[in-house]
Amino acid sequence: MAISFNMNGKEISVDIEADTPLLWVIRDELGMTGTKFGCGAALCGACTVHLDGVATRSCVLPVSVVAGRKVTTIESLSNDNSHPLQKAWIAHDVPQCGYCQSGQLMSAAALLAENKNPSDTDIQNAMSGNICRCGTYSRISAAIKTAAAEMREKA
């Protein structure tokens, strides 16, 4: 079955079973490996992408659901670490193993797209679906605040 959607600003069409999880379409069919497989049950957040601007777990989302819609992956932030979130992640030494980071960044990007000045509670709520086995939660929160401040200055 041919399914068409917009991925990172480009029209994409894939000929694949409708119930194939979007994660595997992104990784295996389109070769974009920034989005990670973690748990396969939408519990850890490693597979987070945006669907029409909303942070969504791609490991359980059938590709048929994205037909005609807009999907955004970690590759869309920037290819040179110039996005305010990426810069803040580096400045705050957020990643340790790094495995969860694409999901963390995509959840943070969705938060900042809706809330330019998130409180600690806003950050905790938005990031609660993302697990970091290394426990860098305080650095993640600090990085989000730094990125938010930079984004407000540029606005």
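Keep in mind that the numbers below use all heavy atoms, side chains included, and drop hydrogens, waters and symmetry copies.
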Nearest-0.5 Å distance, OH of residue Tyr137 to CD of residue Gln124 = 11.5 Å

Donor-acceptor contacts, no H, no angles, side chain residues 23-43, under 3.5 Å, sequence neighbours left out:
residue	atom	partner	partner atom	Å
Arg27	NH1	Thr33	O	2.8
Arg27	NH1	Thr35	O	2.8
Lys36	NZ	Thr33	O	2.9

Distance col, row Leu85:CG vs Ile140:CD1, nearest 0.5 angstrom, shows 11.0 Å

Look only at the side chain of Thr48 and the backbone of Gly45, and say whether a donor-acceptor pair between them is shorter than 3.5 Å.
-> yes

Side-chain touch Asp120/Ser141, heavy atoms, less than 4.5 angstrom | yes

In Å, rounded to the nearest 0.5 Å, how long is the span from OG of Ser4 to CD of Glu11?
-> 7.5 Å

Between SG of Cys44 and CD1 of Ile131, what distance do you get to the nearest 0.5 Å?
-> 6.0 Å

Would Asp122 and Ser119 count as having a side-chain donor-acceptor pair, cut-off 3.5 Å?
-> yes

Is His50 reaching over with its side chain to a backbone N or O of Met106, donor-acceptor style, under 3.5 angstrom?
-> yes

Any donor-acceptor pair under 3.5 Å linking the side chain of Asn117 with the backbone of Ala148?
-> no

Heavy-atom pair of closest approach, residues Arg57 and Ser107 | NH1-OG, 3.9 Å

For Leu51 and Lys70, run side chain to side chain contact (heavy atoms under 4.5 Å, CB included): C-alpha distance rounded to whole Å, both residues' side-chain angles, the deciding distance at 0.1 Å, then the answer.
-> CA-CA 6 Å; Leu51 179 59; Lys70 182 178 177 184; over 6 Å; no

Derivation of the side chain to side chain contact (heavy atoms under 4.5 Å, CB included) call for Thr72 and Val49 = CA-CA 6 Å; Thr72 309; Val49 298; over 6 Å; no

Treating Ile, Leu, Val, Met, Phe, Trp and Tyr as nodes and any side-chain heavy-atom pair under 4.5 angstrom as an edge, say whether Ile16 and Val65 lie in one connected cluster.
-> yes

Heavy atoms only: give me the nearest Asp15-Ala2 pair and the separation to one decimal.
-> OD1-N, 3.6 Å

So do the side chains of Asn6 and Ile12 get within less than 4.5 Å of each other, counting heavy atoms only?
-> no

Any Leu61 side-chain heavy atom under 4.5 Å of Pro21 side chain | no

Please walk me through it: do Gln86 and Ser78 pass side-chain hydrogen bond (donor to acceptor under 3.5 Å, both in side chains)?
-> CA-CA 8 Å; Gln86 292 168 315; Ser78 80; 2.4 Å; yes

How far apart are the C-alpha atoms of Arg133 and Cys97, what are their side-chain angles, what is the distance that settles it, and do they pass the side chain to side chain contact (heavy atoms under 4.5 Å, CB included) test?
-> CA-CA 9 Å; Arg133 290 185 61 159; Cys97 82; 5.9 Å; no

Has the side chain of Asp19 got a donor or acceptor atom that lies under 3.5 Å from a matching backbone atom of Pro62?
-> no

Treating Ile, Leu, Val, Met, Phe, Trp and Tyr as nodes and any side-chain heavy-atom pair under 4.5 angstrom as an edge, say whether Leu22 and Ile74 lie in one connected cluster.
-> no

In short, Leu105 meets Trp89 closest at the heavy-atom pair CD2-CD2, 3.5 Å

Between OG on residue Ser76 and CE on residue Met7, distance to nearest 0.5 Å | 10.0 Å

Taking only residues two or more places apart in sequence or in another chain, which ones pass salt bridge (Lys or Arg N to Asp or Glu O under 4.0 Å) with Lys87?
-> Glu150

For the pair Arg69 and Asp52, find out whether any cationic side-chain nitrogen is under 4.0 Å from an anionic carboxylate oxygen.
-> yes

Can you list every pair that meets ring pair (Phe, Tyr, Trp, His ring centres under 6.0 Å) and has a residue in residues 94-129, with sequence neighbours left out?
-> none

Would you say Met1 and Val63 are hydrophobically clustered, going by side-chain heavy atoms of ILVMFWY under 4.5 Å?
-> yes

Between Ala143 and His92, which heavy-atom pair has the shortest distance, and what is it?
-> CA-CD2, 3.5 Å

Show your reasoning for whether side chain to side chain contact (heavy atoms under 4.5 Å, CB included) applies to Val14 and Phe5.
-> CA-CA 9 Å; Val14 292; Phe5 56 97; 4.2 Å; yes

Which pair of non-hydrogen atoms, one from Ala46 and one from Ser102, has the smallest distance, and what is that distance?
-> O-OG, 3.7 Å

